[in-house]
2 protein chains.
Amino acid sequence: MTELEHYIKSYFGVVEAKELQTIGSLFKLTEIKKGDYFLKTGNPCNDLCFIQSGLMRIYVDTPDKELTQWISTPGYFVADLSSLIFETPARWTIQALTDCVVYNITKQDYNKIGNLVPQWHLLEKLFIAKCFTILEDRIFSHLSMSAEERYTLFFENNKELFNQVPLQYIASMLGMTPETFSRIRKKQVS
Amino acid sequence: MTELEHYIKSYFGVVEAKELQTIGSLFKLTEIKKGDYFLKTGNPCNDLCFIQSGLMRIYVDTPDKELTQWISTPGYFVADLSSLIFETPARWTIQALTDCVVYNITKQDYNKIGNLVPQWHLLEKLFIAKCFTILEDRIFSHLSMSAEERYTLFFENNKELFNQVPLQYIASMLGMTPETFSRIRKKQVS
DNA sequence: TTAATTCCTTGATTTTTGTCAAGAGCTTAA
DNA sequence: TTAAGCTCTTGACAAAAATCAAGGAATTAA
């Protein structure tokens with residue numbers, strides 16, 4: 001059983017082995033080199049991938065600055081969900097921060113799964129609902145917490161990320177400037 | 001065809017009339033009086049409703065203040081999605097801001113739809129994905145915009161709300177204090 | 001190895017936003 | 001009708017965070 005299949009099984013509970021294999025077989029193991037783009041803002045999102053190893057950054061260029069929306073780690077799916085599902089132009093650019101190994105599926109194959117595995121749309125619903133809940137928490141953190149509190153919360157839950165990616169990306173993701181981020185870190189150490 | 005059925009049809013495209021009716025028949029037209037609670041933080045979310053008329057506020061009490069997460073308007077579903085789907089305690093309190101007429105469905109009936117209407121999980125997936133996209137936009141607004149910019153964007157798209165609900169709720173929802181909100185409004189007028 | 005980049009830190013300053021306090025206008029209920 | 005609550009506004013001030021500018025450390029490329 002691949003890591004992807006294991007993930008789907010562990011996340012969604014009982015799925016028959018045969019169906020799990022059907023899903024798994026549509027994903028192809030692929031390498032993405034550091035710096036390569038998985039998706040660019042404005043293009044259609046034609047792929048969905050599951051990170052086996054490596055890190056990817058989801059961001060967007062605005063006229064004045066670059067905004068990191070999220071950094072994806074192994075064990076998670078990556079795509080511009082809105083573009084993939086509703087066939088709209090991608091809002092996000094997705095780039096490999098390190099060399100990555102991913103399980104990739106094309107939009108065409110992705111759209112076939114629903115016909116092959118009856119429970120697929122239910123699984124998808126659960127998965128997307130989980131993502132929705134995570135975003136709700138994130139909104140809540142912006143409504144109720146200071147930059148320092150957001151930093152602390154994120155640091156506690158993602159310590160390992162801090163020595164793997166440029167910190168300015170994390171700062172952006174948490175909604176603060178690199179300077180503010182740096183000052184908060186200094187305070188935390190002492 | 002009820003407004004609810006019309007909404008489901010318009011939103012999700014082709015659904016057979018019979019199935020639409022099956023779904024619609026499980027929702028019961030109910031009144032919720034101003035000030036009544038649809039759901040309280042900590043309880044299980046046992047219902048999902050679709051607002052026919054009236055306004056509901058989704059919020060949470062924190063030790064120091066009350067935070068409004070969202071104000072729901074006619075034509076939308078209301079529930080604590082995470083609690084409804086994953087059977088966790090509700091994070092949000094949901095209260096009627098005005099007298100409301102809603103189509104209500106119990107969790108038990110809601111969970112039956114999947115067996116009665118094959119496409120239901122697909123429809124749900126699309127609906128939740130849409131909600132996810134809206135939250136993505138909202139996060140983006142917190143990463144990239146000032147309080148004033150968030151105000152302007154929201155005002156442009158929700159003018160009608162401003163004379164129907166206490167403005168402090170809108171302020172909270174946009175992540176600012178009532179005082180800041182008030183000062184921004186003053187500036188906008190002049 | 002050296003030069004060029006990129007990334008992070010730090011200080012000084014400005015801007016934005018929050019806090020505290022008071023009061024005015026409405027609404028609601030006795 | 002009057003008093004009690006809300007709600008919103010305003011001012012003075014404080015705190016948080018952004019901006020601007022410079023320099024140092026680390027990484028990358030020639």
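Labels below follow one simple rule: chain letters A, B, ... track the order of the sequence lines, proteins then strands, and each chain is numbered from 1. All values below were derived from every heavy atom in this structure, side-chain atoms included, with hydrogens, water molecules and symmetry-related copies excluded. Everything numeric in this text was worked out from a predicted model, so none of it was measured.
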For [X] and [Y], which I'm curious about, is there any donor-acceptor pair between the side chains at under 3.5 Å?
X	Y	result
A:Y169	A:Q69	no
A:E3	A:H6	no
B:Q119	B:E19	yes
A:T93	A:T41	yes

Is there a path from B:I8 to B:L29 through hydrophobic residues (I, L, V, M, F, W, Y) whose side chains come within less than 4.5 Å of each other? yes
Do A:L123 and A:Y76 belong together in a cluster built from hydrophobic side chains that touch within less than 4.5 Å? yes
Round to the nearest Å and state the distance from [X] atom [atom1] to [N] atom [atom2].
X	N	atom1	atom2	result
B:L143	D:dA18	CG	C1'	15 Å
B:I170	D:dT9	CD1	C1'	16 Å
A:M176	D:dA16	CE	P	13 Å
B:M145	D:dA18	CE	C1'	18 Å
B:K65	C:dT17	NZ	C1'	11 Å
A:I184	C:dT10	CD1	P	14 Å

Filter on ring-ring contact (aromatic ring centres under 6.0 Å, His included), then keep only pairs touching residues 40-62 of chain A, sequence neighbours left out; what's left? A:Y7-A:F50, A:F50-A:F77
Can you pull the salt bridge (charged side-chain N to carboxylate O under 4.0 Å, His left out) pairs that have at least one residue in residues 35-57 of chain A, sequence neighbours excluded? A:R57-A:E66
Give each protein N/O atom lying under 3.5 Å from an N/O atom of nucleotides 3-7 of chain D, with the pair distance.
{"from": "D:dT7", "atom 1": "OP2", "to": "B:Q168", "atom 2": "NE2", "distance (Å)": "2.9"}
{"from": "D:dT7", "atom 1": "O5'", "to": "B:Q168", "atom 2": "NE2", "distance (Å)": "3.1"}

Verify the contact: side-chain N or O of [X] to OP1 or OP2 of [N], cut-off strictly under 4.0 Å; return yes or no.
X	N	answer
A:S182	C:dC8	no
A:T180	D:dA18	yes
A:S146	D:dA16	no

Main chain of A:F140, side chain of A:S144: is a donor-acceptor contact present, judged purely on distance under 3.5 Å? yes
Of all residues at least two apart in sequence or in a different chain, which pass the side-chain hydrogen bond (donor to acceptor under 3.5 Å, both in side chains) check with B:E136? A:R91, A:W92
Among residues 147-164 of chain A, which residues get a heavy atom nearer than 4.0 Å to DNA chain C? none
Going by the angle between their ring planes, with limits at 30° and 60°, are A:F162 and A:Y151 parallel, tilted or perpendicular? perpendicular
Which pairs, protein N/O on one side and nucleotides 20-28 of chain C N/O on the other, fall under 3.5 Å?
{"from": "C:dC20", "atom 1": "N4", "to": "B:E179", "atom 2": "OE2", "distance (Å)": "3.1"}

